[in-house]
Amino acid sequence: TQLLEQSPQFLSIQEGENLTVYCNSSSVFSSLQWYRQEPGEGPVLLVTVVTGGEVKKLKRLTFQFGDARKDSSLHITAAQPGDTGLYLCAGVAGYALNFGKGTSLLVTP
Amino acid sequence: DSGVTQTPKHLITATGQRVTLRCSPRSGDLSVYWYQQSLDQGLQFLIQYYNGEERAKGNILERFSAQQFPDLHSELNLSSLELGDSALYFCASRNTGSYGYTFGSGTRLTVV
């Protein structure tokens, strides 16, 4: 059973388009994290959201934590080929981070 | 370079064999986590060590074991290997009081 469900699973868009990926759960999390993973590498932390309703911006990336702290979204404005990768959301359950299966994003020129 | 070092980067071995994967955490990080990543299951938590002691277990098979040494490096031992054990194995470390995990580049294990 996956604690965190991510959608869509795959996304292929052209450079300059906007997109949103979602991370949903039936569980409440004290915080949620977003990671980006490139082929052959480990995930790299992008952001941690802690407070319900919190919005964080990282250049063209906007992260939102749901009011009930059960869901989160990542919005990318004017996507670039360098944004290509696997986007993973993760929440602490017990002592360790549990990850969603990720959204694989491909941005073509 | 994330600061977390994993060796080897690639490993090819036969079914029934035993292998050891090694991880050196980021300097100052006491917590080490092991994850297995496969295409169908995603990133699955295996086990956590904190300052030499086992802290939590996830979906770790009985054929797998791990330990963390006094210098804080960790080893993941995989025995009686099966084809289905082929996957990427990641180690991550975390600083107490920090939310984020720092991952190594992983070990790609192929069992043939």
Side-chain angles (χ1 to χ4, degrees), chain A residues 1-10 21-25 27 29-52 54 56 58 61 63 65 69 72 74 85-105, chain B residues 1-10 21 23-26 29-51 53-60 66 87-109:
Chain A
T1 304
Q2 207 75 22
L3 274 180
L4 291 160
E5 300 289 339
Q6 290 190 241
S7 61
Q9 193 175 354
F10 299 99
V21 300
Y22 300 93
C23 173
N24 295 294
S25 176
S27 302
F29 290 95
S30 57
S31 65
L32 275 181
Q33 300 174 26
W34 285 90
Y35 290 77
R36 179 165 157 255
Q37 184 179 16
E38 297 189 34
E41 298 297 327
V44 176
L45 178 67
L46 294 174
V47 77
T48 302
V49 285
V50 178
T51 307
E54 181 177 5
K56 277 192 174 178
L58 191 65
L61 278 59
F63 304 85
F65 199 13
R69 291 186 287 130
S72 183
L74 158 59
L86 179 67
Y87 290 82
L88 297 155
C89 69
V92 174
Y95 282 102
L97 269 183
N98 281 263
F99 284 82
K101 288 191 176 183
T103 293
S104 183
L105 172 64
Chain B
D1 182 7
S2 68
V4 177
T5 304
Q6 288 189 248
T7 57
K9 196 161 177 65
H10 301 277
L21 312 184
C23 168
S24 293
R26 205 176 48 164
D29 290 356
L30 301 180
S31 290
V32 169
Y33 304 81
W34 286 97
Y35 284 82
Q36 179 192 58
Q37 187 176 37
S38 59
L39 281 174
D40 55 340
Q41 293 294 321
L43 263 171
Q44 295 289 312
F45 167 64
L46 296 178
I47 197 164
Q48 179 207 356
Y49 279 81
Y50 177 81
N51 201 20
E53 294 192 4
E54 181 185 304
R55 176 65 68 91
K57 270 187 173 180
N59 300 320
I60 188 165
L88 274 165
Y89 291 85
F90 286 102
C91 165
S93 71
R94 184 176 71 90
N95 189 286
T96 306
S98 167
Y99 288 108
Y101 287 26
T102 302
F103 282 81
S105 296
T107 293
R108 180 175 292 280
L109 174 66

Can you tell me how far CG of A:Leu74 sits from CG of A:Leu32, rounded to the nearest 0.5 angstrom?
12.0 Å

Region of A:Val50 that comes under 4.5 Å of a non-hydrogen atom in chain B
side chain

Non-hydrogen atoms of chain B under 4.5 Å away: do they reach the side chain of A:Glu41, the backbone, both or neither?
both

Please flag which part of B:Tyr101 lies under 4.5 Å from any non-hydrogen atom of chain A: side chain, backbone, both or neither.
both

I need the A:Leu88 CG to A:Leu46 CG distance, nearest 0.5 Å.
9.5 Å

Measuring heavy-atom distances to chain A, does B:Tyr99 have an atom under 4.5 Å in its side chain, in its backbone, in both, or in neither?
both

Please flag which part of B:Tyr35 lies under 4.5 Å from any non-hydrogen atom of chain A: side chain, backbone, both or neither.
side chain

Set of side-chain contact (heavy atoms from CB on, under 4.5 Å) partners for B:Asn59, sequence neighbours left out:
B:Gln44

Heavy-atom distance under 4.5 Å to chain A: side chain of B:Gln6, backbone, both or neither?
neither

Among B:Arg108, B:Gln48, B:Arg94, which residue has the highest count of heavy-atom pairs closer than 4.5 Å to chain A?
B:Gln48

Return yes when atom NZ of B:Lys9 has more than 12 non-hydrogen atoms of other residues, nucleotides or ligands closer than 6.0 Å, and no otherwise.
yes

Look at atom CD of B:Glu54 and say whether more than 12 heavy atoms of other residues, nucleotides or ligands are closer to it than 6.0 Å.
yes

With side chains defined as the heavy atoms from C-beta onward, is the minimum distance between B:Gln37 and A:Leu86 less than 4.5 Å?
yes

